[in-house]
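Order of the sequence lines sets the chain letters (A, B, ...), proteins ahead of strands, with each chain counted from 1.
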Amino acid sequence: MNYWLMKSEPDAFSYDDLVRKGKAEWDGVRNHAAQGHMRAMRRGDLSIFYHSNIGVEAVGIMEIVEEAAPDSTDDSGKWIAVHVAPRERLAKSVTLKAMKADSALSNMVMLRQSRLSVAPLTKAEFDHIVAMSKA
DNA sequence: GCCAACGTTGGC
DNA sequence: GCCAACGTTGGC
C-alpha cells in the first residue's frame with residue numbers, strides 16, 4: 001500500500017465537504033507530476049488531506065476508493081482523476097509550520113516542492129504526521 | 001497584496 | 001530545442 005498527500009483549498013473543497021459527500025472525485029488536477037502520482041494510486045491507498053491557503057495544515061485521512069479514470073471536468077480527454085472517501089479526521093490538525101520544523105519530515109516531497117498538489121509520502125512520513133496529530 | 005517557484009507558451 | 005515572457009500556485 002502507498003501513501004499520499006493531496007491539497008485542496010478549503011473554500012473550494014474542504015475535508016468537511018468530503019465527509020458530507022461520503023465519496024468524491026478528486027478532479028481538476030492539471031499538472032503532469034501530480035497526474036503521474038494519481039495514476040500510481042491503488043484502491044486502499046491512504047492519503048493525507050491538506051488544506052492549502054486557508055489553514056495551511058493537514059486535517060484528515062482519506063482512502064483511494066477508485067483508481068485513475070477520465071476526469072469528468074475535462075473535455076480534452078487528457079486528464080484523469082481518482083475517487084476518494086474520508087477515513088478519519090485528525091484529532092489535531094498538523095500545520096505546515098510544524099511539518100517544516102520536524103527533522104523526521106525533512107525529505108517530504110511536498111515540503112521540497114511546495115506547489116505540487118498531489119505528492120507521495122513514505123509510510124514513515126505518513127505515520128509520523130498521524131502521530132503528530134495525536135501529540 | 002507580494003513574491004518565489006515553477007509550468008506553459010510561443011518566437012526564433 | 002532554447003529561452004524569454006507570462007500565468008498560476010501557494011506561503012507569508
Side-chain angles (χ1 to χ4, degrees):
Chain A
M1 128 142 50
N2 287 305
Y3 298 88
W4 311 95
L5 181 145
M6 299 165 91
K7 293 183 185 180
S8 178
E9 299 186 21
D11 55 353
F13 187 72
S14 69
Y15 193 73
D16 282 343
D17 292 330
L18 179 60
V19 170
R20 214 170 293 128
K21 292 187 79 171
K23 175 182 170 183
E25 182 184 41
W26 200 269
D27 56 31
V29 175
R30 299 290 183 268
N31 168 285
H32 291 291
Q35 283 272 308
H37 294 314
M38 290 208 297
R39 285 179 192 279
M41 290 179 181
R42 293 295 168 257
R43 195 182 303 258
D45 284 359
L46 296 179
S47 176
I48 297 286
F49 193 123
Y50 174 88
H51 282 173
S52 59
N53 282 316
I54 300 167
V56 193
E57 58 196 4
V59 295
I61 299 169
M62 57 187 176
E63 179 179 340
I64 309 306
V65 293
E66 284 180 37
E67 296 175 9
D71 183 331
S72 69
T73 67
D74 168 43
D75 293 329
S76 73
K78 281 193 281 192
W79 305 102
I80 56 89
V82 297
H83 280 72
V84 297
R87 264 290 192 85
E88 69 183 88
R89 192 184 307 272
L90 297 181
K92 198 159 65 88
S93 33
V94 179
T95 63
L96 177 65
K97 190 179 173 195
M99 290 190 273
K100 278 184 174 170
D102 197 313
S103 61
L105 301 177
S106 58
N107 287 318
M108 219 173 103
V109 172
M110 190 274 276
L111 296 181
R112 298 188 155 221
Q113 209 181 323
S114 67
R115 285 187 53 198
L116 193 57
S117 63
V118 179
L121 292 175
T122 63
K123 177 169 177 20
E125 288 164 349
F126 179 88
D127 288 345
H128 193 79
I129 293 168
V130 172
M132 288 168 83
S133 75
K134 291 172 177 166

Hey, does A:M110 have a side-chain heavy atom less than 4.5 Å from the side chain of A:E125? no
Side chains of A:T73 and A:W79: closer than 4.5 Å at any heavy-atom pair? no
Whole angstrom is fine here: how far is it from [atom1] in [X] over to [atom2] in [N]?
X      : N      : atom1 : atom2 : value
A:L111 : C:dC12 : CG    : P     : 10 Å
A:F13  : C:dG10 : CZ    : P     : 16 Å
A:N31  : B:dC6  : CG    : P     : 11 Å
A:N53  : B:dA4  : CG    : C1'   : 15 Å
A:E57  : C:dG10 : CD    : C1'   : 15 Å
A:L96  : B:dA4  : CG    : C1'   : 15 Å
A:R115 : C:dC12 : CZ    : C1'   : 16 Å
A:M110 : B:dC6  : CE    : P     : 14 Å

If the threshold is 4.0 Å, N to carboxylate O, is there a salt bridge linking A:D127 and A:K123? yes
Would you say A:Y50 reaches C:dT9's phosphate, i.e. side-chain N/O to OP1/OP2 under 4.0 Å? no
Taking only side-chain N and O atoms of A:Q113, does any of them lie within less than 4.0 angstrom of OP1 or OP2 on B:dG7? yes
What pair of heavy atoms forms the shortest contact from A:S14 to A:F49, and how long is it? C-CZ, 3.5 Å
Please tell me which of the listed nucleotides, B:dG7, B:dT8, C:dG10, lies nearest to the side chain of A:H32? B:dT8
Have a look at A:K100 and say if it touches a base, only the backbone sugar-phosphate, or nothing, with a 4.0 Å heavy-atom cut-off. sugar-phosphate
